[in-house]
Amino acid sequence: MLKSKTFVKKTRSGKVMKIVREHYLRDDIWCGSEVCSECKQESGVLQKDACIESNLCSYPHYLIPDTNVVLHQIDVLEDPVIRNVIILQTVLQEVRHRSAPVYKRLKDMLHEKEKHFYTFTNEHHRETFIEREPGESANDRNDRAIRVAAKWYSQHLKTFASHEDGLKVVLLTNDQGNKQKAEESGLLVYKCEEYVKSLIANPELVDRLALSDDDKNEITSAKLLFPEHLPLSRIQAGIKSGCFLQGTFRASRDNYLEATVFVQGEGEDSTEVLIQGLQNLNRAVHQDVVAVQLLPRNEWVAPTSVVLQDEGIAKDDDDNEEEEEKAVTEAARRSTGKIVGIIKRNWRPFCGMLNVSQIKESTRHLFTPADRRIPRIRIETRQASTLAGQRIIVAIDGWPKGSRYPNGHFVRSLGGAGEKETEEEVLLLEHDVPHQAFSQAVLSFLPKMPWAITPEDMVMREDLRQLTVCSVDPPGCTDIDDALHCRDLENGNLEVGVHIADVSHFIRPGNALDKEAASRGTTVYLCGKRIDMVPALLSSDLCSLRSNVERLAFSCIWEMNHDAEILKTRFTKSVINSKASLTYAEAQMRIDDTAKNDDITKSLRGLNKLAKILKQKRIEKGALTLSSIEVRFHMDSETHDPIDLQTKELMETNSMVEEFMLLANISVAQKIYDEFSECALLRKHPAPPPSNYDILLKAAKSKDVEIYTDSAKALADSLDVAKVDGFPYFNTLLRILATRCMMQAVYFCSGMDSDFHHYGLASPIYTHFTSPIRRYADIIVHRLLAVAIGADSTYPELMDKHKQSALCNNLNYRHKMAQYAQRASVAFHTQLFFKSRGILNEDGYILFVKKNAIIVLIPKFGLEGTVFFDTKDKTIPKLVFDEEIPGVSVPVPDVEPQAKKQKLDH
């Protein structure tokens with residue numbers, strides 16, 4: 001049966017186009033139930049004995065939730081007790097349009113066999129499809145479609161019921177109007193809350209209910225703590241007229257009463273608006289998209305120097321500043337504003353701990369998220385005594401204007417706080433790292449074992465198995481992406497090759513394996529654990545360039561003279577056989593051991609000599625040598641707990657590998673850009689804005705050292721000569737601070753940007769080609785290069801700059817999160833290491849001075865922490881804070897007037 005709809009549409013060019021939409025209706029769509037013998041086509045999804053113990057429904061039943069129940073009560077639906085649920089096509093489509101994360105969770109449940117969730121395509125069933133009536137809103141039409149489908153199911157299943165208490169259908173809705181209409185048409189209908197409260201098998205499920213509007217109002221105080229949010233129509237009009245700005249809300253880690261709103265502009269015109277005080281923050285949560293109104297210029301303020309954490313006392317703007325604070329200088333003031341409305345909430349489930357209420361028998365408690373940028377959340381739970389001391393997940397339901405904190409609900413427990421597995425799960429969830437096992441669909445695209453290089457592969461590739469190729473990596477590395485060789489040519493020049501694992505041979509565009517790798521974006525390295533981007537069969541075996549096995553590679557080969565000048569460059573798909581898999585230390589020992597003179601050692605010495613020249617050339621061009629402390633843990637083989645900790649030592653061989661990886665990346669970047677100027681995937685590092693250097697310049701000024709930041713070269717040169725007598729670590733501290741001044745390097749599509757420059761490397765063009773086992777960007781670059789040299793065919797998405805740009809956004813996000821997860825893992829293992837160590841004496845250095853705290857770095861352990869001043873102890877002299885240095889002074893009594901201050905500064 002065919003329904004068609006005709007309408008006219010005006011195109012951009014002003015022409016009128018006639019559109020005909022055809023909608024096919026069928027009568028052979030299966031209901032999905034095991035009891036049905038009429039339309040049954042395959043084994044049933046919905047069970048015959050669909051029994052959930054309930055005080056309301058003592059009979060077997062299927063559930064049909066409406067759209068809002070799915071959107072707001074997804075945590076309840078995910079519980080194992082909830083089974084045999086019919087998800088209507090109407091609901092699925094609405095959820096897809098309104099919330100991508102909920103849609104993904106719903107799709108996962110539909111694929112989970114144990115849940116018995118079934119999708120019924122009611123929009124294409126002849127008896128359940130309905131047309132929108134004149135004057136009916138889309139929302140009302142969808143509510144009616146859900147009621148019609150529920151009615152059809154009730155009547156359809158009734159024909160197979162053997163007695164009165166046979167299989168029934170229960171509609172779940174929280175919409176009072178929808179519920180009333182469903183009851184009038186004879187449907188069994190309940191509010192989600194009353195149904196969940198009736199369940200006998202799992203009374204704790206009540207805790208997972210998202211608060212209804214009635215509950216939210218009940219919890220809020222009579223006093224209005226926050227201004228009303230403006231409606232979206234007013235916000236849109238205000239943004240259009242220029243009264244408001246739209247941006248991303250970024251809460252401060254150091255001060256819960258301060259935040260910034262990042263307003264994206266054209267090119268370099270992005271700005272940040274400072275927000276201070278509870279009223280002005282107006283219930284925005286980190287990463288929300290908000291509307292901000294600038295305050296009059298005379299109300300602009302400077303970022304605060306106070307470190308302030310929410311201790312549960314309602315503070316306001318006045319608590320942010322101390323009485324003696326001097327007037328802020330005009331130069332220090334920043335654009336300041338207030339939040340007038342929320343454009344898009346970016347809430348996610350948050351990990352943290354429950355602060356059990358002091359009131360006996362209370363079911364209302366505060367939850368403290370692990371991320372300091374997220375406010376505390378008020379939840380209702382009857383399991384407080386069980387959940388105390390556990391890491392739990394909580395979701396926010398809403399933030400009424402009369403409530404000091406947002407309201408939320410308990411989702412699930414992760415385990416005991418401090419336990420290794422629990423904390424690992426917390427940091428993976430908090431940093432949104434996909435870490436579920438690879439699905440069968442993904443694994444089905446792996447090569448069948450045993451695998452071998454075929455004669456067909458050899459025809460398409462250059463045979464480089466005879467070359468003395470070797471790899472140099474950190475100890476314990478199993479995902480070996482790259483290998484190198486260097487040999488003398490008959491003409492007196494040198495041939496140098498960088499050989500990279502040919503991952504794109506195994507991962508073909510658009511299949512489930514490719515989509516999963518694109519979604520994950522990168523491998524995440526935690527202490528003692530690796531979350532792979534691709535399955536282990538590829539990462540640790542077939543793609544890994546291990547020694548003495550034949551492997552497929554993508555090679556970048558240069559002819560160079562002895563001054564490391566490139567005379568020729570070529571790229572080829574190849575087959576190699578690595579002669580050695582070395583660690584940095586093993587390679588260094590070979591280079592240094594004068595008794596060794598074999599082919600591998602000669603190759604390494606040639607590479608090392610050229611690498612030193614390449615590095616010197618880069619530094620002369622203005623490449624930066626910055627610093628960050630990296631620590632390595634030695635793990636107990638039984639418990640996997642850290643037993644020793646040391647900072648990583650860098651050797652010449654680290655630099656040797658790095659130089660040739662950089663050179664390969666630059667050579668490939670130029671090649672793919674020359675061939676595909678609109679869709680090359682490149683990587684850039686923007687120059688920092690001058691204000692970013694404030695912390696570095698103040699630190700240098702405190703020791704009368706000059707630092708120049710006009711260009712990367714000026715910065716590099718001034719860092720090289722920045723030394724203080726009797727303070728050898730000062731230069732390293734400056735380089736650590738300089739690293740923090742830098743912008744994030746990002747992937748971008750060449751057709752969507754004009755600034756390609758890589759500031760840190762002082763290179764006009766750059767990409768990532770050398771690590772396709774652990775970075776998806778490199779797989780795309782491999783595909784582009786393969787097309788450029790005629791070694792592979794292209795596909796539409798590869799040449800679509802908009803799709804390439806969207807991919808870059810995901811990759812940038814995944815890389816940033818992987819970096820943060822790695823740091824969090826190091827921090828947790830450092831805590832484990834100190835757990836049984838008692839008190840240690842080590843050198844520490846003050847990195848930053850705040851009004852009420854100092855930030856201290858202990859280089860030996862890579863530890864950084866905040867040390868608060870005790871401002872409550874009246875026996876301690878009051879500290880005087882100087883914003884300009886910045887520094888704090890301790891007045892010293894009974895000394896000459898000119899010696900009355902001891903300075904504590906950078």
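All figures in this text were calculated on a predicted structure; none of them were measured in a lab.
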### Query
Distance-only, no hydrogens or angles: does the Asn511 side chain make a donor-acceptor pair with backbone N or O of Asp514 under 3.5 Å?
yes

### Message
Please tell me whether Asn68 and Arg98 have a donor and an acceptor in their side chains that are separated by less than 3.5 angstrom.
### Response
yes

### Message
Taking atom NZ as the centre, does Lys515 end up with more than 12 heavy-atom neighbours from other residues, nucleotides or ligands that are less than 6.0 angstrom away?
### Response
no

### Query
If you measure only the distance, is there a donor-acceptor pair under 3.5 Å linking the side chains of Arg378 and Ser403?
yes

### Query
Glu183 and Arg147: salt bridge (Lys or Arg N to Asp or Glu O under 4.0 Å), yes or no, with the steps?
CA-CA 10 Å; Glu183 284 169 340; Arg147 293 195 300 273; over 6 Å; no

### Task
For Ile359, look at atom CD1 and say whether over 12 heavy atoms of other residues, nucleotides or ligands are found less than 6.0 Å away.
no

### Query
What about His61 and Tyr195, are their ring centers closer than 6.0 Å?
yes

### Query
Do the side chains of Val411 and Ile392 get nearer than 4.5 Å, heavy atoms only?
no

### Query
Is it the case that Thr90 and Asn142 place a side-chain donor and acceptor less than 3.5 Å from each other?
no

### Task
Any chance you could lay out the salt bridge (Lys or Arg N to Asp or Glu O under 4.0 Å) test for Arg144 and Asp140, step after step, and finish with the verdict?
CA-CA 6 Å; Arg144 188 161 59 88; Asp140 287 346; over 6 Å; no

#### Entry: Least distance between heavy atoms, Gly418 atom then Phe828 atom
O-CZ, 3.9 Å

### Query
When you check the side-chain N and O atoms of Asn55 and Ser198, is any donor under 3.5 Å from an acceptor?
no

### Task
May I ask you to decide if Asp207's main-chain N or O and His409's side chain share a donor-acceptor pair within less than 3.5 Å?
no

### Least distance between heavy atoms, Val69 atom then Leu172 atom
CG2-O, 3.6 Å

#### Entry: Arg96 CZ: over 12 foreign heavy atoms closer than 6.0 Å
no

#### Entry: Heavy atoms of other groups near Gln358 CD, more than 12 under 6.0 Å
no

### Query
Just checking, any donor-acceptor pair under 3.5 angstrom between side chains of Asn84 and Tyr118?
no

### Task
Could you go through the salt bridge (Lys or Arg N to Asp or Glu O under 4.0 Å) check for Glu193 and Lys197 one step at a time?
CA-CA 6 Å; Glu193 188 180 345; Lys197 284 180 176 173; 2.7 Å; yes

### Option from Leu88, Ile87, Leu171, Val170 for which side-chain contact (heavy atoms from CB on, under 4.5 Å) with Pro65 holds
Ile87

### Task
Ignoring hydrogens and angles, state whether a donor on the side chain of Asp432 or Tyr813 is under 3.5 Å from an acceptor on the partner side chain.
yes

### Task
Check whether any side-chain N or O of His116 sits under 3.5 Å from a backbone N or O of Val45 as a donor-acceptor pair, and report yes or no.
yes

### Task
Among Arg412, Lys115, Arg105, Lys104, find the one that has a salt bridge (charged side-chain N to carboxylate O under 4.0 Å, His left out) with Glu78.
Arg105

### Message
Would Glu123 and Arg141 count as a salt bridge (Lys or Arg N to Asp or Glu O under 4.0 Å) here? Give the steps.
### Response
CA-CA 12 Å; Glu123 296 291 356; Arg141 181 259 168 213; 2.8 Å; yes

### Query
For the residue pair Phe120 and Tyr153, does the interplanar ring angle fall in the parallel (under 30°), tilted (30 to 60°) or perpendicular (over 60°) class?
perpendicular

### Task
Might you point out which heavy atoms bring Gly341 and Ile235 nearest each other, and give the distance in Å?
CA-CD1, 3.7 Å

### Message
If I compare all heavy atoms of Tyr776 with all of Leu811, which pair ends up nearest, and what's the gap?
### Response
CB-CD2, 3.9 Å

### Query
Side-chain contact, heavy-atom cut-off 4.5 Å: Leu157 with Tyr62?
yes

### Message
Would you say that Phe350 contacts Val394 through its side chain, given a criterion of any heavy-atom pair below 4.5 Å between the two side chains?
### Response
no

### Query
Quick one: does His125's side chain have a donor or acceptor within less than 3.5 Å of a partner on Thr121's backbone?
no

### Message
Please tell me whether His72 and Asn174 have a donor and an acceptor in their side chains that are separated by less than 3.5 angstrom.
### Response
no

### Message
On a heavy-atom basis, which atom in Met533 and which in Arg520 lie closest, and how many Å separate them?
### Response
O-CD, 3.8 Å

#### Entry: Test item: side-chain donor near acceptor, Asn122 and Thr128, under 3.5 Å
no

